[in-house]
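Notes follow the structure.
Just so we're clear, the structure is a prediction, and the values are computed from it rather than from any experiment. Here is the naming used below: chain letters follow the sequence lines, and residue numbers restart at 1 for every chain. What's counted below: heavy atoms across the whole structure, side chains too, no hydrogens, waters or symmetry copies.
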Amino acid sequence: MSSASVVRGPRDVAELLARARAMAGRTVGELAAERSMYLPRDMRHAKGLVGILVEHTLGVEARDRSTAAPDFEHLGVELKTIPLDRRGRPRESTFVCHATLARIAETDWERSDVRRKLARVLWVPIESERELRLADRRIGAPLLWSPTGDEEAALRADWEELAGLVGVGAIERIDARMGHVLQLRPKAAHGRVRTIGHDEDGAPIEVGPRAFYLRATFTERIFGAASTLPTSVA
DNA sequence: GATTGATCATAC
DNA sequence: GTATGATCAATC
């Protein structure tokens, strides 16, 4: 494999999986060196960097960002890295997608960005103990996942509750404690960012941008169900 | 220790 | 400025 070359997109899911499996056991430092990517010492300045690195390594191509299409659009597969602790449990919630507050009331679960993104996900675990240097973190075995019937029902219920509240102008009453598996949380470069929402009367109001996230308790079950870990979390 | 709200980097 | 890639850090 030549260094820093652009990786072409995988032809099919089998090729994508083969590439992902080939990454397993390698370190973030190795992958970064191949792609001539600089790794900051401080994780504070490296948020999202491993995600981009894995995208490039697997061949996610530049694409239209104006629609919420999955990373591998022609395969219908979304790529997500997920930080795991030494017990194999997710250390963080998982960003799903931006919430289009002004328009969310016009859609439904079936046509939602959340459902489209999560229809099929290639999870790439990253060994992520806090004290482990970024370059030394290893890539784990990938997992191609689609929601089970129960999982989709849970996602749908949360989405409908949250989107419903946004739709009736009650966004200010939503906080991250809502949602059993799916949350709506702030998502912005900094605290002064504002976007347009609507109040109860349909009048435009300025609110902080929000995004959908999967709770760690939800993603933990995904890995628990398929995991080869010696003990699952009772 | 887990969770919520805030924040950081990059592409366009 | 918006959206995607996430993790940090204050708080519970």
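- Between the CE atom of A:M37 and the P atom of B:dA11 there is a distance of 9 Å, rounded to whole Å.
- Residue contacts for A:P209: at a heavy-atom cut-off of 4.0 Å it reaches no nucleic acid atom on any strand shown.
- A:R194 comes within 4.0 angstrom of the backbone, heavy atoms only, and of no base.
- A straight line from CG of A:L49 to P of B:dT10 spans 8 Å, rounded to a whole angstrom.
- Mapping A:A189 and A:Q183 onto DNA chain B by nearest heavy atom places A:Q183 closer to the 5' end of the strand.
- At distances below 3.5 Å, at least one donor-acceptor pair connects side-chain atoms of A:R91 with backbone N or O atoms of A:S128.
- If you measure from atom CZ of A:R185 to atom C1' of C:dT7, you get 10 Å, rounded to the nearest angstrom.
- Under a 4.0 Å N-O distance rule, the pair A:E220/A:R87 does not qualify as a salt bridge.
- One finds a salt bridge joining A:R115 and A:E152 here, because a Lys/Arg side-chain nitrogen approaches an Asp/Glu carboxylate oxygen to under 4.0 Å.
- Dashed line: the shortest gap from a side-chain N or O of A:R44 to OP1 or OP2 of B:dC8 is under 4.0 Å.
- Among the heavy atoms of the strands lying under 4.0 Å from A:A188 is at least one base atom, whether or not backbone atoms are also near.
- Residue contacts shown for A:G48 include a base, since a base heavy atom lies under 4.0 Å away.
- The interatomic distance linking A:E92 (CD) with B:dG5 (C1') rounds to 12 Å, in whole Å.
- Nearer to the 5' terminus of DNA chain B, by closest-nucleotide assignment, is the contact made by A:M178 (compared with the other of A:M178 and A:A46).
- Both A:T195 and A:P186 lie close to DNA chain C; mapped to their nearest nucleotides by heavy-atom distance, the more 5′-ward contact belongs to A:T195.
- Remark: A:H190 is not in phosphate contact with B:dT7, judged by side-chain N or O atoms under 4.0 Å from OP1 or OP2.
- Side-chain to base pairing of A:Y213 with C:dA6: one donor and one acceptor N or O lie within less than 3.5 Å of each other.
- Rounding to whole angstrom units, CZ of residue A:R215 and P of B:dG5 are separated by 10 Å.
- Between the side chain of A:K187 and the base of B:dT7 there is no donor-acceptor pair of N/O atoms closer than 3.5 Å.
- You'll find that the side chain of A:D175 is closest to B:dG5, out of B:dG5, C:dT2, C:dG5.
- Counting to the nearest Å, the P atom of C:dA6 and the CD1 atom of A:I82 are 10 Å from each other.
- Straight-line distance from the CG atom of A:L53 to the P atom of B:dT10: 14 Å, rounded to whole Å.
- Contact of the A:F212 side chain with the A:D113 side chain is not registered, since no non-hydrogen atoms from C-beta on lie closer than 4.5 Å.
- Distances shown here put every side-chain N or O of A:S93 at or beyond 4.0 Å from the OP1 or OP2 atom of B:dT4.
- Under the 4.0 Å criterion applied to side-chain N and carboxylate O atoms, A:R156 and A:E110 are assigned as salt-bridge partners.
- By the 4.0 Å N-to-carboxylate-O rule, A:E92 lies too far from A:K47 to be salt-bridged with it.
- As rounded to whole Å, 9 Å separates atom P of B:dT3 from atom CZ of A:R89.
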